Amino acid sequence: MVGHADSCRVWIGLDDTDNPDSGCTTATFDDLLGEISQLDNFEVIERRLVRLWPFAERRTRGNGALACILKCPKSSINILEKLLSNFFSQLVIELKIEENSLTSPALIYTLNKLNEDFYWQAVRHKVDLDKRRNSLDGVNILSLENSDWGIIGASSAMAWNPSDDSTWELISWRFPEKIGTQRKVTSSRVKEMESLHPETFVNRDPTADKGLIAPRTPCPVLYGIRGSNSQAVLSAHLWLQSQSDVEKCERYAIHRTNQLSDDHILGFSTATVLTKPVETKGAHSALEVFSNGRNITLVAFKEGGDVNRLLRKLIPGDRINWLGLESPDGSIHLERLSIESSLPRITGRPTCCNGKTMRSAGSKQPLRCLNCQKVSKKYWLYDEINLSGIELTNNWVEPSASQRRHLSKPLILGAPTSSGKN
Ligand SMILES: [Zn+2]
């Protein structure tokens, strides 16, 4: 135990140690903390898994970075520095980084917490690497001279200031000999786990009846369990590991995360629809709206499910609330959508004999039944918007669980707040 007055805190951040085919920064970070835990009087206070701006160019799969806070004796800082330096040198050798590789590792440590602005910049915007590196003057950075993109993620994860309602993820890693083989975590076990541990969430996609906790890539992660507190994810994990048909993990760790925080977006905005939706390549849909004083394009991808289905039903004049992320081309990629008010949908002219539609002979002419010659003044029949087949939660729609971003807050955890309140 570290209790004496000469103890201090150390923030450590790590990112960009993986590539799309192998490795995982979470496992590398766990290796590092495993080594640190061997040192006398070192205590890991908290681990953090932080997701960043989904459009970042250099992102790997989930654009997540790792950080932790340590407590240790001040007199042992030099021992820690030596360990970090050796660890990084060894890591670079193991990574066998080639030119133009996506792997661009950085290991950062400080004795003071970094400015929280570093986090907000990186979760909502593109961050310039040179600018970030320069603003970390005096911070200890281990990186390669010509490939240090990991600096952005590592420093941003260290700068994150969690709120009381941050979420947790327990990550378990596979035995090395299992990596690359099929994971044994059935959808029915995940379903059982979820019902026994209601404080865990986003474990399954109920629309597809499939488990979401195990990745489908050849990385070392066995599964990740998300929940509202650390005890819940731990209990769920221990239950899962006690089932004989579930693959046993080699090790696991609990991380505090910004997942489901909506930190990447400002709250929702109101808009008036200006055009009919246009279907683009791949069944994606887009339309123009007037929102926040300007014309903008809202895009709903086919994978957006109900968001896409609802967008397609809109007509000019409808009033909507939208929540989404501005893409580099300026259009908004929708994450959630709701209808504030909709105009009547014209369905046609009234009918007469045997359901025959009454017609007008011209602009100043009345409607006339061509069968019985009955005359009527001109009018349209109309309907309300038809929302059948669309699942609304508190009047909002969202993509299915497997299609949502790590950062997005599911509607089941609450309706979005307006951009003015964020
Ligand atoms: Zn008639």
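If you're wondering where the values come from, they're calculated on a predicted model, not measured in any experiment.
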Could you give the side-chain donor-acceptor pairs of residues 78-88 under 3.5 Å, partners two or more places apart or in another chain?
unit_1 : atom_1 : unit_2 : atom_2 : d
Glu81  : OE2    : Tyr109 : OH     : 3.1
Asn86  : ND2    : Lys82  : O      : 3.4

### Identified side-chain hydrogen bond (donor to acceptor under 3.5 Å, both in side chains) partner of Glu335 from the options Lys409, His264, Arg404
His264

### Task
Taking side-chain contact (heavy atoms from CB on, under 4.5 Å) as the test, write out the residues that go with Thr347, two or more places apart.
Leu381, Asp383

### Summary
residues 162-185 vs ring-ring contact (aromatic ring centres under 6.0 Å, His included), sequence neighbours excluded, gives none

### Query
Does Ser400 have any side-chain contact (heavy atoms from CB on, under 4.5 Å) partners at least two apart in sequence or in another chain, and if so, which?
Asp205, Thr207, Ser402, Gln403

#### Entry: All side-chain contact (heavy atoms from CB on, under 4.5 Å) counterparts of Pro344, not counting sequence neighbours
Tyr382

### Message
Run the ring-ring contact (aromatic ring centres under 6.0 Å, His included) test against Trp11 and tell me which residues pass, sequence neighbours left out.
### Response
none

### Message
Once salt bridge (Lys or Arg N to Asp or Glu O under 4.0 Å) is applied, what residue pairs with a partner in residues 231-240 remain, sequence neighbours excluded?
### Response
none

#### Entry: Counterpart residues, ring-ring contact (aromatic ring centres under 6.0 Å, His included), relative to His284 (two or more places apart)
Phe301

### Query
For Tyr223, which residues count as a ring-ring contact (aromatic ring centres under 6.0 Å, His included) partner, sequence neighbours excluded?
His237

### Message
Could you work out, with salt bridge (Lys or Arg N to Asp or Glu O under 4.0 Å) as the rule, every residue matching Arg312, not counting sequence neighbours?
### Response
Glu279

### Task
Please test Arg336 against Glu398 for salt bridge (charged side-chain N to carboxylate O under 4.0 Å, His left out), starting from the C-alpha separation and ending with a verdict.
CA-CA 5 Å; Arg336 271 152 282 173; Glu398 65 185 350; 5.3 Å; no

Show me, pair by pair, the donor-acceptor contacts under 3.5 angstrom made by side chains of residues 270-278, not counting sequence neighbours?
unit_1 : atom_1 : unit_2 : atom_2 : d
Thr270 : OG1    : Asn321 : OD1    : 2.9
Thr272 : OG1    : Arg319 : NH1    : 2.7
Thr275 : OG1    : Glu288 : N      : 2.9

### Task
Measure from NZ or CZ of Arg405 to the centre of the six-membered ring of Phe55 and say whether it is under 6.0 Å with the direction within 45° of the ring axis.
yes

### Query
With a cut-off of under 6.0 Å to the ring centre and 45° to the axis, is Arg349 in cation-pi contact with Trp380?
yes

### Query
Under the salt bridge (Lys or Arg N to Asp or Glu O under 4.0 Å) test, which residues partner Glu192, sequence neighbours left out?
Arg189

